[in-house]
Amino acid sequence: MSHNSNGDECDLVMNQSAVDQCAFVKNTPDCSMEGGFINYLQLVFCLLPTNLISLTITLCVIWLLILFVLLGLSASKFFCPNLSAISTSLHLTHNVAGVTFLALGNGAPDLFSAVAAFSRPHTAGLAVGALFGAGIFVTTVVAGSVALVKPFAVASRPFLRDVVFYMGAVFWTFLMLYRGTTTLGETLGYLSLYVVYVLTVIISAYIYNRQKYSVSADSLNEPQIPDVHSSDSSDDDVPCLNPESIQQDYESEYRPLLPYSESTSHILLSSLNPVDSRKWRRKTWRWRVFKILKIPLEVLLLLCIPVVDPDKEDKNWRRPLNCLHLITAPLVSVLTFQSGAYGTYMIQGQLPLWLFTLLLGVFLSTIVFCSTTNDCPPKYHSLFALLGFIVSAVLISAMASEVVSLLHMLGVVLSLSNTVLGLTLLAWGNSIGDCFSDITIARQGYPRMAISACFGGIIFNMLFGVGWGCVAQMATTKSDVQIEPEGLLTWILTGSLGLSLVLSFVIVPLSKFHLGRPYGIFLIVFYFLFLLIALLTEFGKIRIV
């Protein structure tokens, strides 16, 4: 995964005359786009007029924002709920589900973007910038905002555990970057660090619960005074928000007194309507404007991805829409898998794969429609959660590849390195949703849950983003992965993330694990100082003498 020995040759396109730029892009191997549906470099330099480059960049940035919204919607509305349904069906404990399925759900955009970037020779810097940039953003801006909104005493053991494992992951990644290469054995060891982390979470929770049970058994006759501010509480002490049950109670007030059956067409139209009229009336005008802009994207996703909700009485069974999903979901998966690589694939040179998938989907849809009713979900309805998980994962992966290709083009046109694009646009785009959700959770009175989400998810993103990206590259090249850092900026990025973690590891215990407003201000100031130094380095104001 190395850059060309003479640097990223594609950057030289901006030194060519307007007449020669198209030929340069077509003839330079470094400008080839392995992933994504659109070759953005050829779009900018060959198809669109060069005198309108500013308009082209503006349109590309708008398209980038749309892709980020699609990534967020796919992860939050479809990927996460289906993962939750799968973990419920498998009867997993909260600890196992939290550090596996829910970590994957929360970090899906970051993870797929990192894998897409790290598995290509030209865009490794994007993955490094995005993973480290998102790590700094989440552990400083998001964690600092939580401390500003709701000062609180952090749970000591889970906090120290997460920080230590994250420092270990950062140091291992630093070694890989410093050595410039990694083997399959080292990559598998890197991935196994997350397995060790999961086992540590499970074992520590088990030991804590055993101790709590023995203490309570020994003091049954003594009056119990709950210590709500204890800093030694486990993750299990953090109360879980359950919006589904709240929503279920809320909707029960609006149920009709007498049962009635809706028509099939009415069920289909109502299930494709993403607007809740009761919620609409309570929201601000800004939320409504953003919702109107998102409606076309949400309807498209609703047509393609089934969602199973085990907390609802009917488990979100929508017979006409679910039957339609049996046609659209496999078809969309085939057409978008690996950025459409199988869209033109022929089975034995005779039958297009997409046509076979369409016919099979129609056949299955007909059987399900004829053998089920609108009111009662079938016994195999939980399998729709698996289908929804697969389709949303394929779509998120395809959109992540598109984001990486688009950012690579913006880096070439604006003469910015992939690392700085990763630590700014890609990191912000993937982390801004986490920022708002964590601050909201903190405002609702659960700051410990918010701070746990800050650290737990990014450990998963880094280890699996880099690990699976390296494995994918090894599977393609059949050789060790070569990683060439993009100069001083990479080391500033790595050092800043390591320093922020070390400071948290030292300052938080010294303050008796109480995160107050001064600490929140310190974290946010730290991030802006880092960003200033990174940008000055990118534009050559800071350099190694």
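It should be emphasised that the depicted structure is a prediction, and the values quoted were computed from it without experimental measurement.
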Handout entry: Main-chain N/O of Phe37 paired with Glu402 side-chain donor or acceptor, under 3.5 Å
Key = yes

Handout entry: Side-chain donor or acceptor of Ser365 paired with backbone N/O of Val362 under 3.5 Å
Key = no

Practice task
Flag the pair Ile53 / Val44 as yes when at least one side-chain heavy-atom distance between them is below 4.5 Å, and no otherwise.
Solution key: yes

Completion exercise
Nearest heavy-atom approach of Ala427 to Ala134 is CB-N, 3.5 Å

Handout entry: Distance (rounded to the nearest 0.5 Å) between Leu175 CG and Thr494 OG1
Key = 10.5 Å

Handout entry: Partner residues of Leu184 under the side-chain contact (heavy atoms from CB on, under 4.5 Å) criterion, sequence neighbours left out
Key = Leu188, Met474

Handout entry: N/O donor-acceptor pair under 3.5 Å between Ser415 side chain and Gly411 backbone
Key = no

Handout entry: Taking every non-hydrogen atom, the tightest pair across Ile396 and Ser74
Key = CG1-CB, 3.7 Å

Practice task
Kindly indicate whether the side chain of Asn316, heavy atoms from C-beta on, has any atom under 4.5 Å from the side chain of Val308.
Solution key: no

Handout entry: Heavy-atom donor-acceptor pair, Gln42 side chain to Asn39 backbone, under 3.5 Å
Key = no

Problem - Atom pair CG (Leu302) and CG (Leu324), whose distance is rounded to the nearest 0.5 Å - result: 11.0 Å

Problem - Validation row: Leu73, Glu298 side chains within 4.5 angstrom (heavy atoms) - result: yes

Practice task
Dump the intermediate steps for side-chain contact (heavy atoms from CB on, under 4.5 Å) on Ile327 and Thr357, then the final yes or no.
Solution key: CA-CA 8 Å; Ile327 302 172; Thr357 307; over 6 Å; no

Completion exercise
dist Leu425:CG -> Phe68:CZ (nearest 0.5 Å) comes out at 6.5 Å

Problem - Rounded distance (nearest 0.5 Å) linking atom CG of Leu12 with atom CE of Met14 - result: 11.5 Å

Problem - Closest contact, heavy atoms only, Gly467 versus Thr187 - result: O-CG2, 3.4 Å

Practice task
For Lys26, check side chain to side chain donor-acceptor pair (under 3.5 Å) against everything at least two apart and list the hits.
Solution key: none

Exercise for the section: Check whether any side-chain heavy atom of Ser500 sits under 4.5 Å from a side-chain heavy atom of Leu497, and report yes or no. Expected result: yes

Practice task
Determine, step by step, whether Ile305 and His325 satisfy the side-chain contact (heavy atoms from CB on, under 4.5 Å) criterion, reporting the C-alpha distance in whole Å, the side-chain angles of both residues, the deciding distance to 0.1 Å, and the verdict.
Solution key: CA-CA 7 Å; Ile305 310 174; His325 285 148; 5.7 Å; no

Problem - Check: Trp491 ring centroid to Phe174 ring centroid under 6.0 Å - result: yes

Problem - Which atom of Leu463 lies closest to which atom of Ala169, heavy atoms considered - result: CD2-CB, 3.7 Å

Practice task
Side-chain contact test, heavy atoms from C-beta onward, threshold under 4.5 Å: evaluate it for Val25 versus Val412 and give yes or no.
Solution key: no

Practice task
Quick one: which residue pairs count as a side-chain hydrogen bond (donor to acceptor under 3.5 Å, both in side chains) with a foot in residues 58-68, not counting sequence neighbours?
Solution key: Tyr40-Trp63

Problem - Test item: Asn82 side-chain N/O and Pro306 main-chain N/O as donor-acceptor pair under 3.5 Å - result: yes

Name every donor-acceptor pair, under 3.5 Å, that has one atom in a side chain of residues 267-275 and the other anywhere in the protein, sequence neighbours excluded.
unit_1 : atom_1 : unit_2 : atom_2 : d
Ser270 : OG     : His266 : O      : 3.0
Ser270 : OG     : Ile267 : O      : 3.1
Ser271 : OG     : Ile267 : O      : 2.8
Ser271 : OG     : Leu268 : O      : 2.9
Asn273 : OD1    : Val275 : N      : 3.2
Asn273 : ND2    : Val275 : O      : 3.4

Exercise for the section: Work out which heavy atom in Cys323 is nearest to a heavy atom in Val368; give both atom names and the distance. Expected result: SG-CG1, 3.8 Å

Exercise for the section: Report yes if the side chains of Met462 and Val170 come closer than 4.5 Å at any heavy-atom pair, otherwise no. Expected result: yes

Practice task
Answer whether the closest heavy-atom distance between the side chains of Val332 and Val394 falls below 4.5 Å.
Solution key: no

Practice task
Using disulfide bond (SG atoms under 2.5 Å apart) as the criterion, list what pairs up with Cys22, not counting sequence neighbours.
Solution key: Cys46

Practice task
Enter the distance from Thr419:OG1 to Phe132:CZ here, rounded to the nearest 0.5 Å.
Solution key: 10.5 Å

Practice task
Test Ile57 against Leu410 for side-chain contact (heavy atoms from CB on, under 4.5 Å), laying out the working first.
Solution key: CA-CA 8 Å; Ile57 296 300; Leu410 288 174; 4.0 Å; yes

Exercise for the section: Decide yes or no on side-chain contact (heavy atoms from CB on, under 4.5 Å) for Leu416 and Glu538, but give the supporting numbers first. Expected result: CA-CA 8 Å; Leu416 295 172; Glu538 172 67 15; 3.9 Å; yes

Practice task
Look only at the side chain of Asn322 and the backbone of Arg318, and say whether a donor-acceptor pair between them is shorter than 3.5 Å.
Solution key: yes

Handout entry: For the student: nearest non-hydrogen atoms of Ser496 and Ile136, plus distance
Key = CB-CD1, 3.9 Å

Using residues 523-530 as the side-chain source, report each donor-acceptor pair under 3.5 Å to any protein atom, sequence neighbours left out, with the distance given to one decimal.
unit_1 : atom_1 : unit_2 : atom_2 : d
Tyr527 : OH     : Trp428 : NE1    : 2.7

Practice task
Take the angle between the ring planes of Phe464 and Trp468 and call it parallel below 30°, perpendicular above 60°, tilted in between.
Solution key: tilted

Fill in the blank from the handout: When rounded to the nearest 0.5 Å, the distance separating CG of Leu335 from OG1 of Thr328 is 11.0 Å

Practice task
Would you indicate whether the side-chain heavy atoms of Val391 and Phe78 approach each other to under 4.5 Å?
Solution key: no

Exercise for the section: Would you tell me whether Thr173 and Tyr190 have side-chain atoms, one donor and one acceptor, within less than 3.5 Å of each other? Expected result: yes

